[in-house]
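These values consider heavy atoms only, across backbone and side chains, with no hydrogens, waters or symmetry-generated copies. Just so it is clear: chains get the letters A, B, ... in the order the sequence lines come, proteins before strands, and each one is counted from 1.
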Protein chains: 2
Amino acid sequence: MKIGQLSQRTGVPTRMLRYYEEQDLLHPGRAGNGYRDYPESAVYRVQQIRGLLDSGLTTEIIRRIIPFLDKPEEIHLHPDCLTSELADLLRSEAERIQQRIDCLSRNRDRILAYLSAVETRQGQA
Amino acid sequence: MKIGQLSQRTGVPTRMLRYYEEQDLLHPGRAGNGYRDYPESAVYRVQQIRGLLDSGLTTEIIRRIIPFLDKPEEIHLHPDCLTSELADLLRSEAERIQQRIDCLSRNRDRILAYLSAVETRQGQA
DNA sequence: ACTTGCCTTCACATTGATGAGAAGGTTTCA
DNA sequence: TGAAACCTTCTCATCAATGTGAAGGCAAGT
């Protein structure tokens, strides 16, 4: 798949797809003419990157955790390669993500609580 | 409470506390000498702002939803003031927040799944 | 062959969040 | 009174993510 098509299917500008590649988040192959050639899986990958960026993670963090995010079935690194520092990094990232989730959940609940409170009150009036 | 003390208690630089004020997220009073004067509740407020910023929300979004985030018990706006567009804004923000939560949850689960898979395998070896 | 549209790299600009420092007033304490 | 530690406003710089456009190569249709 060429970059324009990937852009269309994900809604992400080509400029950004090239940027994500520069940041080592994508690694498309190259066709004979130099055009980037993306596999089908790139669509999901880009959506994943977008979601994480929108959630406040930086490209640097994403780059470090993305190898472990694909399919839990296939272990990408031999367990030998999982140094204890890398495991710590993953654990602490999971924790930071959890904190974000907690914060967002709290505030989502408050918004919804407010809405339902007002609706109830209006229903009575 | 003066700005330095608020900074110490929240870990947020004074520079940022002034910035949040400029962005209409904080509204401290002023003492006779011109010093900012924060209520006790500002500590929690600042932590809330930090959490939301870290979670990828912009100051503009935060500014718009923060009035509804305090205590669900006290309804801040009369129901009359909740125009339908405002309600729609809140609903759509809640939905966007939910999407972030979903994305983060998925990826947290994958990190944890990877870690436990590797640990299991190492335990066997 | 020509046009249209996609692709390439390169480069400059912008925006939001943040860091950092100057220049000067205030409070506190010795 | 003087020094230290706070506060004020203002300004300039940085960094990540993104917008935008130039200059040119490639591909497909007429």
Side-chain angles (χ1 to χ4, degrees), chain A residues 1-39 42-43 45-66 93 96-97 99-100 103-104, chain B residues 1-39 42-43 45-66 93 96-97 99-100 103-104:
Chain A
M1 181 182 354
K2 285 187 284 186
I3 197 171
Q5 198 180 349
L6 180 58
S7 171
Q8 259 189 315
R9 290 181 57 185
T10 59
V12 176
T14 61
R15 168 72 177 83
M16 285 299 100
L17 297 176
R18 297 195 183 96
Y19 174 71
Y20 299 154
E21 181 178 352
E22 184 188 315
Q23 298 297 307
D24 247 22
L25 304 183
L26 293 174
H27 307 91
R30 293 288 176 150
N33 51 16
Y35 288 12
R36 287 168 178 82
D37 183 30
Y38 296 90
V43 175
R45 165 63 57 105
V46 169
Q47 290 165 343
Q48 189 175 38
I49 293 170
R50 286 296 333 157
L52 292 172
L53 279 175
D54 286 346
S55 301
L57 277 65
T58 65
T59 55
E60 199 225 337
I61 299 294
I62 298 174
R63 174 166 39 75
R64 291 198 290 182
I65 65 174
I66 213 169
E93 263 326 302
R96 288 163 58 84
I97 289 173
Q99 283 176 244
R100 284 179 160 83
C103 173
L104 290 172
Chain B
M1 182 181 354
K2 285 187 284 187
I3 196 172
Q5 198 181 349
L6 181 58
S7 171
Q8 261 189 315
R9 289 180 58 184
T10 59
V12 175
T14 60
R15 168 72 176 82
M16 285 300 99
L17 297 176
R18 297 196 183 97
Y19 174 69
Y20 300 153
E21 179 178 352
E22 185 189 315
Q23 297 299 307
D24 246 20
L25 305 183
L26 294 174
H27 308 92
R30 295 286 176 149
N33 51 13
Y35 288 12
R36 287 167 178 82
D37 184 30
Y38 296 90
V43 174
R45 166 63 56 107
V46 168
Q47 290 165 344
Q48 189 175 40
I49 292 171
R50 287 295 333 153
L52 293 171
L53 279 174
D54 285 346
S55 301
L57 277 66
T58 64
T59 55
E60 199 225 336
I61 299 294
I62 298 174
R63 175 167 40 76
R64 290 198 290 181
I65 65 175
I66 213 168
E93 264 326 301
R96 289 163 57 86
I97 289 173
Q99 283 175 244
R100 283 178 159 82
C103 173
L104 290 171

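- Closest contact between the side chain of Arg30(A) and the listed nucleotides dT9(C), dC7(C), dG19(D) involves dT9(C).
- Proximity note for Arg36(A) (side chain, C-beta onward) versus dT8(D), dT8(C), dT18(D): the nearest is dT8(C).
- Distance, Lys2(B) NZ to dT28(C) P: 6 Å, rounded to whole Å.
- The side chain of Tyr35(B) has dG25(C) as its nearest neighbour among dT18(D), dG16(C), dG25(C).
- Distance CG (Asn33(A)) to P (dC7(C)): 11 Å, rounded to an integer number of Å.
- Between Met16(A) atom CE and dG19(D) atom P there is a gap of 6 Å when expressed in whole angstrom units.
- Thr14(B) comes within 4.0 angstrom of nothing in the nucleic acid, heavy atoms only.
- Between Gly4(A) and Thr58(B), the residue anchored closer to the 5' end of DNA chain C is Gly4(A), taking for each the nucleotide with the nearest heavy atom.
- dA17(D) atom C1' lies 15 Å from atom CD1 of Ile61(A), rounded to whole Å.
- Rounding to the nearest 0.5 angstrom, the gap separating the SG atom in Cys103(B) from the CZ atom in Arg50(A) is 10.5 Å.
- Using a 4.0 Å heavy-atom criterion, one finds that Arg18(B) contacts the bases of the nucleic acid, with or without backbone contacts as well.
- The distance between atom CG of Asp24(B) and atom C1' of dA17(C), rounded to the nearest whole Å, is 17 Å.
- Distances from the side chain of Gln23(B) to the nucleotides dC6(C), dT27(C), dA17(C) place dA17(C) closest.
- Minimum atom distance to the side chain of Tyr20(A) is reached by dT18(D), of the listed dA17(D), dT18(D), dT18(C).
- Atoms CD (Gln8(B)) and C1' (dA5(D)) sit 12 Å apart, rounded to a whole Å.
- The CD atom of Gln47(A) lies 9.0 Å from the CZ atom of Arg9(A); values are rounded to the nearest 0.5 Å.
- Taking the charged nitrogens against the carboxylate oxygens, Glu21(A) and Arg18(A) have no contact shorter than 4.0 Å, which rules out a salt bridge.
- Note that the OG1 atom of Thr59(B) and the CD1 atom of Ile49(B) stand 9.5 Å from one another [nearest 0.5 Å].
- A straight line from CD of Glu22(A) to C1' of dC15(D) spans 14 Å, rounded to a whole angstrom.
- The distance between atom CG of Leu17(A) and atom C1' of dT18(D), rounded to the nearest whole Å, is 12 Å.
- Using a 4.5 Å cut-off on side-chain heavy atoms (C-beta onward), Thr58(A) and Leu53(A) make no contact.
- One finds a side-chain N or O of Arg50(A) lying less than 4.0 angstrom from the OP1 or OP2 phosphate oxygen of dT18(D).
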